[in-house]
Amino acid sequence: MQIENLHRLSKLNLELNDHCFLTDSDTINYLKNSKILFINRGIPGSGKSTLAARISQIYSDSEICEGDQFFTDQFGVYKFKRDKVKECQLFIQQKVIQACKLGKKCVIADDTHLSYEEIEPLIRIGKDFNYLVLLIEARSSHKFDVDKLHELCRHNISKATIQKKLDAYELIIPRFYAWFFNQTDSKSICSLAKTCFSQCLEILELKTSFKNTKNSFLFEDLYEIRNQDQLHCTAKFFDQEVTFDKEYFFDTEVNQSMGKMFPIEIVGFSVTHRSVTADVRLRNVGNLWQNDLNEKEMKEIMDNKNQFSDKTIFDRLKFADRAHITIALEPNLNAYKSGLDLISLKLLRINKSYTNLATDDFNLYYFGECLCYAKLKKTVKIPSLFAAQY
């Protein structure tokens, strides 16, 4: 790990309070009713095993899958063998799979996990079994102090070995941060979206437009739901082609919020010929939201909608107006375009160029050309977990 990043992490660690999933009652209650995979990483002596034990004490239906088990013999003696590290990683993966198959509500993969290469199979396993996945580390003041790590390590590992592990400890950069929904709530959101689509078809002109342009007005014919068990609302996307945003990555509020439950409010849906998207209202999220439109996306919206000739119309958008949950997309469509569709319909509403109709659950705004915004008469609040996708 680069010295500069190590110093920043050490400084950040001193500013953070304990993990929310250990102290916040709302978060604890939410996770007890979800399925969560903790990927616990850290250098020997950093407090990693202590953190795993604390999690296990709070979440009774839990399973700790630790690397130490692999190197401990039948007499309880720990004997590390460098040439067996790969086998140990496979051992942990198999233990996690077994725990997930048993339906354990809380699974803890506990090992050094020095690199992304080591955690990637675990992330995949978590997604395969529809678990929320959270990468965690002990928030100890000494976790990058070689002398203190050597003193506290329970396995009599040499300073030289600890230093080697510290040198190999990767800064694992997320692809994006988001509010993630558990499997049960994801399915409920998808069901509500299908209800919305069905009620939108009460607008005869919309139904006819779908039939004429897409040759169908059946949800399953028009769209594919790519993650119906694992929906999320993106808070911050890291462009892999440019240097990642260090200020966000090292931000105290962002790191303190990792693994915390946030209530998310769904206020409506956008329905177009290519996407169905839940409109999200964010409250009390501080600086976590960093996903507003960029210049390229504004240009794309203006190029697609001839009604928008003046860029100043984007100034009329409110805080986090782009916040959304992608529900369904036409095949091969890039997911970010669902957020652009939502923004386009909001701008059309501002221009007040629509036909209005009320159904049992929604106030519908139809703009022609298979474009409809459905505002919920009664908004829906759903719990979520703030975390990162790697």
Side-chain angles (χ1 to χ4, degrees), residues 1-24 27-28 31 36-59 62 64-69 71-72 78 80 88 92 106-116 118-119 122 133-174 177 246 248-260 385-388 390:
M1 185 184 293
Q2 296 178 1
I3 298 298
E4 176 193 351
N5 292 330
L6 193 66
H7 286 322
R8 289 197 70 171
L9 282 176
S10 298
K11 183 175 181 296
L12 172 65
N13 201 66
L14 295 174
E15 299 172 355
L16 297 175
N17 297 319
D18 211 344
H19 292 281
C20 292
F21 53 79
L22 297 175
T23 59
D24 181 70
T27 298
I28 291 170
L31 291 180
I36 175 77
L37 168 60
F38 292 99
I39 302 177
N40 189 21
R41 68 189 301 243
I43 304 297
S46 64
K48 172 173 51 62
S49 298
T50 300
L51 176 58
R54 291 180 67 195
I55 294 171
S56 184
Q57 288 172 358
I58 292 173
Y59 302 93
S62 62
I64 300 177
C65 309
E66 60 178 344
D68 288 355
Q69 296 171 336
F71 292 113
T72 303
Y78 179 86
F80 177 77
C88 177
I92 294 171
C106 173
V107 181
I108 308 155
D110 182 31
D111 201 26
T112 51
H113 296 131
L114 298 177
S115 66
Y116 175 76
E118 294 180 38
I119 70 166
L122 295 168
V133 178
L134 189 62
L135 183 64
I136 59 173
E137 299 180 26
R139 290 178 175 170
S140 52
S141 60
H142 65 273
K143 67 179 182 182
F144 299 123
D145 183 333
V146 175
D147 292 331
K148 196 67 175 178
L149 290 169
H150 179 255
E151 177 187 336
L152 295 175
C153 179
R154 61 181 181 174
H155 296 312
N156 196 29
I157 298 176
S158 69
K159 279 188 184 180
T161 299
I162 290 176
Q163 185 62 60
K164 285 181 180 179
K165 290 182 180 294
L166 199 54
D167 292 340
Y169 203 67
E170 283 187 10
L171 198 67
I172 300 178
I173 310 301
Y177 292 80
K246 283 190 177 183
Y248 191 91
F249 181 85
F250 289 110
D251 183 78
T252 302
E253 183 180 9
V254 171
N255 284 273
Q256 187 62 62
S257 299
M258 290 287 281
K260 181 179 179 179
L385 187 75
F386 185 74
Y390 300 88

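One finds no salt bridge joining D251 and K246 here, because no Lys/Arg side-chain nitrogen approaches an Asp/Glu carboxylate oxygen to under 4.0 Å. Salt bridge present: K159 and D147 bring a charged side-chain N and a carboxylate O closer than 4.0 Å. Taking a cutoff of 4.0 Å between a charged side-chain nitrogen and a carboxylate oxygen, E137 and K48 do not qualify as a salt bridge.
Applying the side chain to side chain donor-acceptor pair (under 3.5 Å) test to K164 and every residue at least two apart in sequence or in another chain returns nothing.
The distance from atom CZ of F386 to atom NZ of K260, rounded to the nearest 0.5 Å, is 11.0 Å. Rounding to the nearest 0.5 Å gives a distance of 14.0 Å between NE2 of H150 and CD1 of I43. Considering CZ of F250 and CD of E15, their distance stands at 12.0 Å, rounded to 0.5 Å. The distance from atom CD of E170 to atom CD1 of I119, rounded to the nearest 0.5 Å, is 9.0 Å. Here L149 contributes atom CG and I157 contributes atom CD1; the two are 10.0 Å apart, rounded to the nearest 0.5 Å. Note that CZ of R139 is 7.5 Å distant from CG of N13, once rounded to the nearest 0.5 Å.
Without hydrogens or angle criteria, Q256 side chain to D18 main chain gives a donor-acceptor distance under 3.5 Å. Using modelled atom types, no side-chain atom of R41 and backbone atom of D111 make a donor-acceptor pair closer than 3.5 Å.
Counting only heavy atoms from C-beta outward, the side chains of L22 and T27 never approach each other to under 4.5 Å. I55 has its side chain out of reach of H19: every pair of non-hydrogen atoms, C-beta onward, lies at least 4.5 Å apart. Using a 4.5 Å cut-off on side-chain heavy atoms (C-beta onward), L122 and H113 make contact. Here the side chains of Y169 and S115 are not in contact, with every heavy-atom distance at 4.5 Å or above. Looking at heavy atoms from C-beta onward, N17 lies out of side-chain contact with T23 at the 4.5 angstrom threshold. Contact annotation: the side chain of L135 approaches that of Y390 to within less than 4.5 Å [non-hydrogen atoms, C-beta and beyond]. For the pair V107 and S62, the minimum side-chain heavy-atom distance is 4.5 Å or more. Put simply, the side chain of F249 does not reach to within 4.5 Å of the side chain of V254, judged on heavy atoms.
A donor atom on one side chain and an acceptor atom on the other are not found under 3.5 Å apart for S140 and S46.
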Check step by step if side-chain contact (heavy atoms from CB on, under 4.5 Å) holds for S49 and D110.
CA-CA 7 Å; S49 298; D110 182 31; 3.8 Å; yes

Might you work through the side-chain contact (heavy atoms from CB on, under 4.5 Å) test for K148 and S141, ending with a clear yes or no?
CA-CA 10 Å; K148 196 67 175 178; S141 60; over 6 Å; no

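Shown here for G45 and L152, the closest heavy-atom pair between the two residues is O-CB, 3.8 Å. Of all the heavy atoms in C65 and I92, the pair that sits closest is O-CG2, 3.8 Å.
Here the rule is side-chain contact (heavy atoms from CB on, under 4.5 Å) with F21, and of I28, I36, L385, L134 only L134 fits it.
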